[in-house]
J.: 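Structure in structure tokens, see below.
All values derive from a computational prediction rather than experimental measurement.
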Amino acid sequence: MQKTQYVNKLETFLNKLTHYPLLLLTAIYSLHIIFTLNTRALWFSDEVRYANVYENLIKAKKWLVLYLNGQPYPDKPPLYFWFLALISYLTSLSGETLFFLGSAISGFFYLILTYFLGKVTLQDTQKSFLGACLLLTNFYFLGLIHYFRMDLLFASFILFAHLTIYHFITSQKTAYLYAGFGLSFLALLTKGPLGILFPLLTLFCFSLVQKQPKLFFNKHVGFGILGILLGGLLWLLGAYYLEGKEFISNILYDQIYRRATHTWHHPHPFYHYLLVFPLVVLPWTLSFINFSKKEWQNLSHGELFLLVFFSSGFTLLSLISIKIAIYLLPLFAPFFLLLHKNLQTESQLLSKVMGYFFLILAISLPWINFLPNLPLKINGLLGLAGILAILSIILIKKPVPSKTLPIFLLLTMPLIFIYTGKYIAPSLDKLMSPKEQALQIKKYIKMGYYPLAYKIYSGIYTYYAKHNIKETKDLTYVEKMLKEKKKILLIMPEKYFKNWKSKPKKINIVHKQKIVEKVYYLITNQPQER
């Protein structure tokens, strides 16, 4: 009887909170950000590279074609870095605080657009709020809002495009369709062609499912595609004028065609995302214990649109050669908005299962520091385990109904991630960030050494070293420079150093650091200096 009263009171309290969904989502999101906005260094590999790209955009005025380590950088379009420049102009912020704030603002856009996409497609405020709650309690998303990348802004443009396209489908007003193409073009300028392909594929597949081919095969879609192609061509012409034919060839062939068909970077089989997706949507993978075939068979018009959005996008990503978990981010919104179908129940089973899941995490975490070959001690694991243990006991001993569990976790999850951001993440810098070694490089440069790197991931030291570093894959050139220049600081991964059969005898290893999975050496051709 007492248990029932507790559940009823808790459910009444949680339901009252849903009367102000945007206010609650904004308040909880702010809690996740304000205490942990800038608590760690930039990590390997993308964060430190993008920081240098932004520096070049501002200091060297490289606004149209991005530069990394003093060289043209064809991997990404420039819009996200323009976005950072706008934030800096409005706030006067710079450095790491600016970079992390850019991710936080992008994540907030994504969260709010998820809510509004749900409101339009599901026609139900509570269900759209539930989907946003699931997103804001997803481990992967909560990690990404503290990680410096353009993917959150990219995915936000894709969501916004789908929102306007659905308005077009339901109203037949072409202004919404053109707005969708405009937003797709912004996504293209943020990260690349997937920004266009996601919305186009959804519209095409949905028109087939609905047996309404005119939704896709009409002159306005043709004009929209033509407009995007012309906009993309203008940017390519500007890049061609500045950097020439080789740069354009790199973009079109290496960065787009090869990555899609036969990538050299993160190649995986077509079924890779089937294995990865259940992990990146934790803890809500567990919600499928409530799976109801009947619920998933009865789809409304908007739910069918979300399902087409998810399934067509998932298929597209699976067919592309390069596969990285973060590419799945645009599909989180339709997935979590549809997941309400697993939560419309008074059953308390999911609460108990979630509790045991958190208990397993609590028991496992303290043992991480005892793993072999871990080059550092991670701080705060015992404290985090304690928080998770308390949460697990509450969920097991005082379980809540499935339909209110997301709101309960929405209110409790900030404590977990604030603690993680303030105590655990900073202690990982020694392993995850090249900052320590980059500062050593900076000191040697001030002493007159010429920095030379052999087979490293381009640009990982430049931001913290505050100096461009000559990079090469030619070992003969390295040996020549060691002989000809009086003071050389060579940066070389340990595995290449050990296999270097013709290395000079008079060289000294002055520093080494393990960064993620590799050990890197700093080597001089002079006696060690203080």
Side-chain angles (χ1 to χ4, degrees), residues 29-30 32-63 66-70 73 75-111 140-157 186-187 189-192 324 326 329 417-418 420-422 424-439 442 457-468 515-516:
Y29 191 87
S30 299
H32 278 283
I33 298 302
I34 57 177
F35 296 108
T36 55
L37 180 63
N38 182 16
T39 57
R40 61 172 177 83
L42 298 176
W43 285 354
F44 178 94
S45 64
D46 291 325
E47 288 191 328
V48 284
R49 287 152 54 86
Y50 294 159
N52 180 239
V53 169
Y54 176 76
E55 276 190 323
N56 283 314
L57 180 132
I58 297 299
K59 294 179 180 178
K61 307 299 181 186
K62 302 295 184 181
W63 289 86
L66 302 176
Y67 265 62
L68 172 67
N69 193 44
Y73 181 63
D75 291 41
K76 299 292 182 289
L79 191 140
Y80 184 69
F81 299 95
W82 299 346
F83 171 66
L84 292 177
L86 175 63
I87 297 173
S88 179
Y89 174 76
L90 295 174
T91 63
S92 299
L93 294 173
S94 60
E96 286 92 330
T97 303
L98 170 65
F99 304 145
F100 290 125
L101 180 62
S103 295
I105 293 173
S106 302
F108 184 69
F109 289 159
Y110 189 92
L111 174 68
Y140 194 68
F141 179 76
L142 289 172
L144 284 180
I145 65 177
H146 296 288
Y147 194 78
F148 174 33
R149 278 184 71 112
M150 67 281 300
D151 295 80
L152 282 164
L153 185 65
F154 173 69
S156 296
F157 284 131
L186 293 178
L189 281 184
T190 304
K191 194 171 181 188
I324 305 174
I326 203 168
L329 185 59
F417 278 85
I418 290 170
T420 302
K422 287 187 72 70
I424 295 179
S427 71
L428 292 171
D429 283 352
K430 185 174 176 62
L431 176 65
M432 299 299 295
S433 175
K435 180 178 180 179
E436 177 189 315
Q437 200 157 61
L439 293 178
K442 183 180 179 181
Y457 204 40
S458 182
I460 60 171
Y461 295 108
T462 313
Y463 175 72
Y464 282 119
K466 302 302 178 188
H467 196 283
N468 291 332
I515 306 173
V516 190

J.: Under the side-chain hydrogen bond (donor to acceptor under 3.5 Å, both in side chains) rule, collect the residues that match up with T97, sequence neighbours excluded.
T.: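 If we apply the side-chain hydrogen bond (donor to acceptor under 3.5 Å, both in side chains) test to T97, skipping adjacent residues, the hits are N38.
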J.: Heavy atoms only: give me the nearest F141-G107 pair and the separation to one decimal.
T.: CZ-O, 3.6 Å
J.: Where is the tightest heavy-atom contact between H32 and T36, given as atom of each residue plus distance?
T.: O-OG1, 2.7 Å
J.: According to ring-ring contact (aromatic ring centres under 6.0 Å, His included), who are the partners of Y54, at least two apart in sequence or on a separate chain?
T.: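 With sequence neighbours excluded, Y54 shows a ring-ring contact (aromatic ring centres under 6.0 Å, His included) to F99, given in chain and number order.
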J.: Applying side-chain contact (heavy atoms from CB on, under 4.5 Å) to W82 and T190, what does each step give before you reach the verdict?
T.: CA-CA 9 Å; W82 299 346; T190 304; over 6 Å; no
J.: F83: which residues meet the ring-ring contact (aromatic ring centres under 6.0 Å, His included) condition with it, sequence neighbours left out?
T.: Y80
J.: Are any side-chain N or O atoms of N52 and backbone N or O atoms of V48, one a donor and one an acceptor, separated by less than 3.5 Å?
T.: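 Checking the backbone N and O of V48 against the side chain of N52, no donor-acceptor pair under 3.5 Å is found.
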J.: Please tabulate, one pair per line, all N/O donor-acceptor pairs under 3.5 Å involving side-chain atoms of residues 86-93, not counting sequence neighbours.
T.:
| from | atom 1 | to | atom 2 | distance (Å) |
| --- | --- | --- | --- | --- |
| S88 | OG | L93 | O | 2.8 |
| T91 | OG1 | I87 | O | 2.7 |
| T91 | OG1 | L93 | N | 3.2 |

J.: Show your reasoning for whether side-chain contact (heavy atoms from CB on, under 4.5 Å) applies to K442 and H467.
T.: CA-CA 7 Å; K442 183 180 179 181; H467 196 283; over 6 Å; no
J.: Could you give the distance from OH (Y140) to CG (L329), rounded to the nearest 0.5 Å?
T.: 7.5 Å
J.: Just so I know, are the side chains of D75 and L68 near enough to count as touching, which here means a heavy-atom distance under 4.5 Å?
T.: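 No - every pair of side-chain heavy atoms lies 4.5 Å or more apart.
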J.: Using the test ring-ring contact (aromatic ring centres under 6.0 Å, His included), find all partners of F108 that sit at least two apart in sequence or belong to another chain.
T.: Y29
J.: Can you sort out the partners of S427 under side chain to side chain contact (heavy atoms under 4.5 Å, CB included), two or more places apart, ordered by chain and number?
T.: I378, N379
J.: Using the side-chain hydrogen bond (donor to acceptor under 3.5 Å, both in side chains) criterion, which residues pair with T39? Sequence neighbours excluded.
T.: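 Testing T39 for side-chain hydrogen bond (donor to acceptor under 3.5 Å, both in side chains), a comparison that skips the adjacent residues, returns none.
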J.: List in chain and number order the residues that pass salt bridge (Lys or Arg N to Asp or Glu O under 4.0 Å) with K59, two or more places apart in sequence or in another chain; answer none if no residue qualifies.
T.: E55
J.: What residues form a ring-ring contact (aromatic ring centres under 6.0 Å, His included) with Y147, not counting sequence neighbours?
T.: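 Y147 satisfies ring-ring contact (aromatic ring centres under 6.0 Å, His included) with no other residue.
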J.: Got a second to check how far L144's CG is from S103's OG, nearest 0.5 Å?
T.: 8.5 Å
J.: Do any N or O atoms from the side chain of W43 and from the backbone of L431 form a donor-acceptor pair under 3.5 angstrom?
T.: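 Side chain of W43 to backbone of L431, a donor-acceptor pair under 3.5 Å: no, none is there.
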J.: CG of L142 to OG1 of T420: how many Å apart, nearest 0.5 Å?
T.: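 Rounded to the nearest 0.5 Å, the CG-OG1 separation comes to 10.0 Å.
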J.: Find the distance between CD1 (I424) and CZ (F417) and round it off to the nearest 0.5 Å.
T.: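 Answer for the CD1-CZ pair, I424 versus F417, is 10.0 Å.
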J.: Does any part of the side chain of I145, heavy atoms only, come nearer than 4.5 Å to the side chain of F100, both counted from C-beta?
T.: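 Sidechains of I145 and F100: no contact.
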J.: Is the shortest heavy-atom distance from the side chain of H146 to the side chain of I33 under 4.5 Å?
T.: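 Counting from C-beta outward, H146 and I33 do come under 4.5 Å.
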J.: Just by distance, with hydrogens left out, do T462 and N468 show a side-chain donor and acceptor under 3.5 Å apart?
T.: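 No, because no side-chain N or O of T462 sits under 3.5 Å from a partner of the opposite role on N468.
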J.: What residue pairs, at least two apart or across chains, pass salt bridge (Lys or Arg N to Asp or Glu O under 4.0 Å) with a residue in residues 98-108?
T.: none
J.: To check you understand the geometry: which heavy-atom pair defines the closest contact between P434 and I460, and what is its length?
T.: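 In this case the closest contact between P434 and I460 is CG-O, 3.3 Å.
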J.: Give the C-alpha distance, both sets of side-chain angles, the deciding distance and a yes or no for side-chain contact (heavy atoms from CB on, under 4.5 Å) between F81 and M150.
T.: CA-CA 9 Å; F81 299 95; M150 67 281 300; 4.0 Å; yes
J.: Please give me the minimum heavy-atom distance between E47 and F148, naming the atom from each residue.
T.: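 For E47 versus F148, the nearest heavy atoms are OE2-N, 2.8 Å.
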J.: So does R49 get a backbone contact from the side chain of Y73, meaning a donor-acceptor N/O pair under 3.5 Å?
T.: no
J.: Which pair of heavy atoms, one from N56 and one from G70, lies closest together, and at what distance?
T.: ND2-N, 4.4 Å
J.: As an exercise, state the distance from OG of S106 to CG of L152, rounded to the nearest 0.5 Å.
T.: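 One finds 6.0 Å between OG of S106 and CG of L152.
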J.: Which distance, rounded to the nearest 0.5 Å, do you find between the CZ of F154 and the CD1 of I326?
T.: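 These two atoms lie 10.5 Å from each other.
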J.: Can you tell me which residue pairs pass the side chain to side chain donor-acceptor pair (under 3.5 Å) test with a partner in residues 430-439, sequence neighbours excluded?
T.: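 Only K430-E436, E436-H511, Q437-Y461, Q437-H511 qualify under side chain to side chain donor-acceptor pair (under 3.5 Å).
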J.: Counting N and O atoms only, with roles assigned by atom type, does the side chain of D429 sit under 3.5 Å from a partner on the main chain of A41, one being a donor and the other an acceptor?
T.: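 Side chain of D429 to backbone of A41, a donor-acceptor pair under 3.5 Å: yes, one is there.
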J.: Decide side-chain contact (heavy atoms from CB on, under 4.5 Å) for E96 and Y463; before the verdict, give the C-alpha distance in whole Å, the side-chain angles of both, and the deciding distance to 0.1 Å.
T.: CA-CA 11 Å; E96 286 92 330; Y463 175 72; 3.4 Å; yes
J.: Tell me every residue that passes salt bridge (Lys or Arg N to Asp or Glu O under 4.0 Å) with R149, counting only those two or more places apart in sequence or in another chain.
T.: D46, D151
J.: Closer than 3.5 angstrom, by distance alone: can the side chain of S156 be matched with the main-chain N or O of Y110 as a donor-acceptor pair?
T.: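 Between the backbone of Y110 and the side chain of S156 there is a qualifying donor-acceptor contact (under 3.5 Å).
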J.: Which atoms form the tightest heavy-atom contact between L189 and P77, and what is the distance?
T.: O-CB, 2.9 Å
